[in-house]
There are 2 protein chains.
Amino acid sequence: MSVRLRPIQALRLWQEVGLNMVRRHAVDLTQRQMVILLTIYLEPPPHTVRGLAAKLGVTKPVITRALDAMGEMDLVSRRRDPTDRRNVIIQRTVRGSLFLDEFSDLVVEAAGTLAP
Amino acid sequence: MSVRLRPIQALRLWQEVGLNMVRRHAVDLTQRQMVILLTIYLEPPPHTVRGLAAKLGVTKPVITRALDAMGEMDLVSRRRDPTDRRNVIIQRTVRGSLFLDEFSDLVVEAAGTLAP
DNA sequence: GATAGATGATACGGATGTGAAACGATTGGC
DNA sequence: GCCAATCGTTTCACATCCGTATCATCTATC
C-alpha cells in the first residue's frame with residue numbers, strides 16, 4: 001500500500017529526522033553517500049562502481065571516494081570480482097545494516113508523531 | 001493523523017528522494033543547511049543565529065556560514081533587528097518557499113509510489 | 001602474443017565546510 | 001560615562017568533496 005503524506009507533513013518529517021541526525025553528532029554522511037549506501041542495501045547485487053555512477057548520474061571518482069569514506073567507517077566493504085578482476089564488488093557490512101536499521105526506526109518514529 | 005510507515009518503506013522513501021535530488025544536479029544543500037532552512041520555514045519567527053545554533057546543537061559560525069551559503073542562493077535573507085541591533089533576524093524568501101514547495105511535492109510523490 | 005577497450009583508483013586544482021579562537025558592534029548594569 | 005556581557009561575524013588551519021585528466025590493471029579481440 002502506498003503511503004499518503006501531505007506536503008507539510010513531508011517537510012516536518014524531513015526536519016525532524018534531520019534534526020535528530022544533526023544533534024546526535026554521530027555518522028554524518030553526504031546526501032550522495034547516503035544514496036549510495038541505501039542503493040547497496042535496497043537493490044539486488046552485484047553493485048559496481050560504474051553501475052552506481054550511472055545510476056546516480058555522477059562520475060566514477062565520486063563513487064570511489066564515497067566508498068573510501070564509508071569503508072573507513074565500516075559501513076560497506078569492497079572486494080575484487082574473481083571472475084573479472086577489473087570489477088570491484090561492493091558488499092554490505094554488519095555495521096552498515098545496523099546503521100540503516102537505526103535510521104529507518106528513526107524515520108518511522110518521526111512519521112508516527114506527525115500532526116495531521 | 002500520524003503517518004504509518006514501515007522501516008523498509010522509510011529507506012525506500014529516502015533513497016528515492018535522495019536519488020532525485022542527486023540526479024537533478026540542482027540545489028545541493030548540506031544536511032545542516034537543509035535542517036536550518038526547514039526550521040526557518042516551519043517554525044514561528046523570529047529566527048536568530050543563536051536560536052538556531054542552540055536548536056541544532058552546533059556552534060554559531062556554522063549557522064552564519066550556512067546563512068551565507070543559502071543567502072547567496074537567495075533561499076533566505078537577513079536583516080538587523082531594529083529594536084536590538086545586535087540581533088539578526090532571518091527571513092524567508094520567495095525562492096526558498098518555492099524550493100521547499102517543490103521538495104515537498106517530490107517527497108509526497110515518492111511516498112505515493114511506495115510498494116507495501 | 002600484441003593491442004585496443006574497459007574498469008577502478010589516483011593526482012591535481014578549486015571550492016566549500018568545520019571547530020576553535022578572536023573580533024567589532026551593540027546593549028545594559030552600575 | 002564606564003565596563004562587562006551579548007550577539008553575529010571573521011580568521012585560521014585543517015579536512016573533505018568535486019570534476020577533469022591520467023594511471024595501472026585486467027580482459028578480449030585480432
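No hydrogens, no waters, no symmetry mates; every other heavy atom, side chains included, goes into these values. Just so we're on the same page: letters track the sequence lines, and every chain starts at 1.
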Closest nucleotide among [options] to the [X] side chain:
X	options	result
A:Arg32	D:dT27, C:dA25, D:dC18	D:dC18
B:Arg50	D:dC7, C:dT10, C:dG17	D:dC7
A:Lys60	D:dG19, C:dT18, C:dT7	C:dT7
A:Pro61	C:dT18, D:dT9, D:dT20	D:dT20

Quick one: is [N] close enough that its OP1 or OP2 comes under 4.0 Å of any side-chain N or O from [X]?
X	N	answer
B:Gln33	C:dT16	no
A:Arg85	D:dC26	yes
B:Thr64	D:dG8	no
B:Gln31	C:dG17	no
A:Arg80	C:dG8	no

Whole angstroms only, please: what is the [atom1]-[atom2] distance between [X] and [N]?
X	N	atom1	atom2	answer
A:Met70	D:dT16	CE	C1'	14 Å
B:Asp68	D:dT9	CG	P	7 Å
B:Arg86	D:dA4	CZ	P	16 Å
A:Ile90	C:dG8	CD1	P	7 Å
A:Leu67	D:dC18	CG	P	12 Å
B:Leu56	C:dT18	CG	C1'	14 Å
B:Arg65	C:dA15	CZ	P	18 Å
B:His47	D:dC7	NE2	P	17 Å

Taking every non-hydrogen atom, the tightest pair across B:Tyr41 and B:Ser97 |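 Closest pair (atom of B:Tyr41, atom of B:Ser97, distance): CE2-OG, 3.2 Å.
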
Would you name the heavy atoms of B:Glu43 and B:Arg92 that are closest together and state the gap between them?
->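 Reported closest heavy-atom pair: O-NH2, 3.8 Å.
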
Whether over 12 other heavy atoms sit under 6.0 Å from B:Glu109 CD =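 No, CD of B:Glu109 has 12 or fewer neighbouring heavy atoms, counting only those of other groups under 6.0 Å.
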
Should we say atom CZ of A:Arg23 is surrounded by more than 12 heavy atoms from elsewhere, each under 6.0 Å from it?
->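 Result for CZ/A:Arg23: enclosed.
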
Please tell me which of A:Val58 and A:Thr83 maps to the more 5' nucleotide of DNA chain D, matching each residue to the nucleotide holding its nearest heavy atom.
->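 Counting from the 5' end, the first nearest nucleotide belongs to A:Val58.
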
Could you check A:Thr59 against A:Asp84 and say which one's nearest nucleotide on DNA chain D is further toward the 5' end?
->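 Comparing both residues, the 5'-ward one is A:Thr59.
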
Can you say whether the rings of B:Phe103 and A:Trp14 are parallel (under 30°), tilted (30 to 60°) or perpendicular (over 60°)?
->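 B:Phe103 and A:Trp14: perpendicular rings.
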
Does a distance-only test, which skips hydrogens and angles, find a donor-acceptor pair under 3.5 Å between the side chain of B:Arg78 and the base of D:dG8?
->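 In this structure, the two groups form no donor-acceptor pair.
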
